[in-house]
Amino acid sequence: MLDELKKEWAEVVEKETGIPAEEVFSYFEKPKKEEMGDVALPCFKLAKQIKEDVKNFAERLKNTFSTVPFISSAEVVGGYLNLRIERASFTQKLLKKVLEEGENYGSSKEGDGKTVLIDFSSPNIAKPFGVGHLRSTVLGAALGRILQFLGYKVIGINYLGDWGAQVAKMMVAYQKWFDKSDKEKDTIKKLYELYVRFHKEEEENPHLAQEADKVLKSLEECEKKSLELWREFIEISMAEFRRIYEILGVDFDEFAGESMCDEKGAPRCIERMDSVIKELAEKRLLTEGEGGALIVEFDQKEKIPPLMMRKSDGTTLYATREVAVALERWRKYKFDRMLYVVGVPQKLHFQQVFRLFEMAGYPFAGRCEHIAFGHYLGMSTRRGTMVLLEEVLNELIEKARKVIEEKNPELLKVEDPNKVAKDVAVGALIFNDLKNERIKDVVYDEERFLSFDGETGPYLQYAHTRLCGILRKWGKSLPREFDAKLLSSDEEWRLVMNLSEFSRTVKNAAEHREPSRIANYLIECASNLNLFYQRHRVLCEENNLTNARISLVAALRIVLAKGLELLGIKPLERM
RNA sequence: GCGGUUGUAGCUCAGUCCGGAUAGAGCGUCUGCCUCCGGAGCAGAAGGUCGCAGGUUCGAAUCCUGCCAGCCGCACCA
């Protein structure tokens, strides 16, 4: 809503000076200090443009603005025009809007009719689900929810790494060493042990690698027995992944692996890739490289190294599959955008593949984006020092349980503390992941992970429970009318300003594919919130004041809950 | 070597896209605050050559150039 006001003001400036409103709009900013006002317009550039003295210019605008609605005062400081919003009327209008729109406040229709595919999480079947996989999962899921909130039709695809040499290796290990007798027990850990064991023994025993090669070959030749084993192995791994997704609250519309299985579970990747190679050859995009490998060469000016599509031994690669899969997705969905939520090390790979899409003249070229993110540092799958996600989760849940017991022993009378502990733990984990810019590497630091103080998920959830607590105590439906004039304190005004910034924040997060913007926004809200009820009572003797404040509280709860949901964090009633 | 990316307080990071006022949080340290809607909270203190050097500008953490450091990538892995 603040943006709408700014737009109106920009038009006022346009009328006065002739400078396009759009340009003026972009100059508006938040003053450094609260005392300066609510919105500032630096006049330096504007004045220069029409060759007027900055001070005259600002003064002239100041006079104009003194009669504009929703503005209570205008002031010139230095080269700035500082505007103060008429608090009561703005607050009245905003709160009414939030309460009326409820769940939908901040949503939009900008994405109506548009389909976005999000390829995320995409674990390799042959590797255990570590903390590192968390990033793609959490980031992709959050982006999906954010885009959906803005009206896009979102299709989440889990592109499983269910084919290739890695999988074959694990199949060998599985066949040799997996103990099927106690199926229920710690499957994920056992699979992880297989993984570590295989890579260790492989070094001393080259036999194993050969065996794996054989398995892969038999798979690619669709040998029945191998395929059966393959399916069994996939099923076992998938069951583990599903459990983790369940805990994290993540859903996919499609589990589609590299194998490109059909409904009956028969892999079609081989034929698909053959046709890709044929098609690219017809388009004269392939050249022969060393040893007869087929490669795609790019324009020298672009400085992109060549991309291999077929090895000299005739087998295909990751990139080949990428093309085949993209074509398949296009046939199926005719998407407007496709987001690949994959780590930053694959940047070049996507640069090459996307460029190839263009060269091949595919209709979806230019609609694809690599949503890169930094990695967790200090972990390696091969050496076995990897931190298993489930272990971290269990530790977090245990910690949450303890904190609950200590701080809110009454909880078990009304809720299941185990469930709450889980939601708190997941909230902590997700927030810790999403609060930073996605490109940044994350150092795995157990202590930080386990902290519930300060800028953390539980801090936000806590702020939400306090709002719920007040609303619970109030116990009635919201007052139909309230007098926003009574919300006169700076603390309340700050909150109103926060509320007004929600839709812009969501939009911004979506545009930049950066959920961290929402995370930071929520921290600001929660911190202002805590300050507010440190200093003011909501439920007090004066009925009118109570009515006004409870309306503010209700509006804040809506926004906080929605923001948390968008990130994938449960807004709790109690904790 | 080439390409990319990051560098802001002891630590973890906002702010950089789109240049504006005295550079902001959290953690940790120190000091206060529960007769009161939940203290997982709040207030205050201490802590900064915004990697370095130039340039553009009325104005640079932000834009440009160069350099330094870390990380990532650069044909038969995915």
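These figures come from a predicted structure and were not determined experimentally. A note on names: the letters A, B, ... follow the listed sequences, proteins ahead of strands, and every chain is numbered from 1.
In this model, the phosphate group of B/C42 is approached by a side-chain N or O of A/Tyr459 to a distance below 4.0 Å at OP1 or OP2. Within the 4.0 Å cut-off from OP1 or OP2 of B/C27, not a single side-chain nitrogen or oxygen of A/Arg448 is found. The phosphate of B/C37 (OP1 or OP2) has no side-chain N or O of A/Lys473 nearer than 4.0 angstrom. One finds no side-chain N or O of A/Tyr318 lying less than 4.0 angstrom from the OP1 or OP2 phosphate oxygen of B/A78.
Near-neighbour residues of RNA chain B inside residues 304-313 of chain A, defined by a heavy atom below 4.0 Å, number-ordered: A/Pro305, A/Pro306, A/Met308, A/Lys311, A/Ser312.
Judged by Watson-Crick or G-U wobble contacts below 3.5 Å, the nucleotide B/G47 has no partner. Summarising the base pairing, B/G19 is matched to no nucleotide, lacking a Watson-Crick or G-U wobble pair whose two defining distances lie under 3.5 Å. Pair assignment for B/G38 gives none, since no Watson-Crick or G-U wobble pairing has each distance under 3.5 Å. Pairing for B/C13 is with B/G24, a Watson-Crick or G-U wobble pair whose two hydrogen-bonding atom distances lie under 3.5 Å. Pair check for B/C63 finds B/G55; Watson-Crick or G-U wobble, both atom distances under 3.5 Å.
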Would A/Met309 and A/Thr316 count as a side-chain contact (heavy atoms from CB on, under 4.5 Å) here? Give the steps. CA-CA 6 Å; A/Met309 294 303 287; A/Thr316 55; over 6 Å; no
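Residue A/His375 places no side-chain atom within donor-acceptor reach of the base of B/C71, judged by atom type and a 3.5 Å distance cut-off alone. For A/Asn530 against B/A40, a side-chain-to-base donor-acceptor contact under 3.5 Å is absent.
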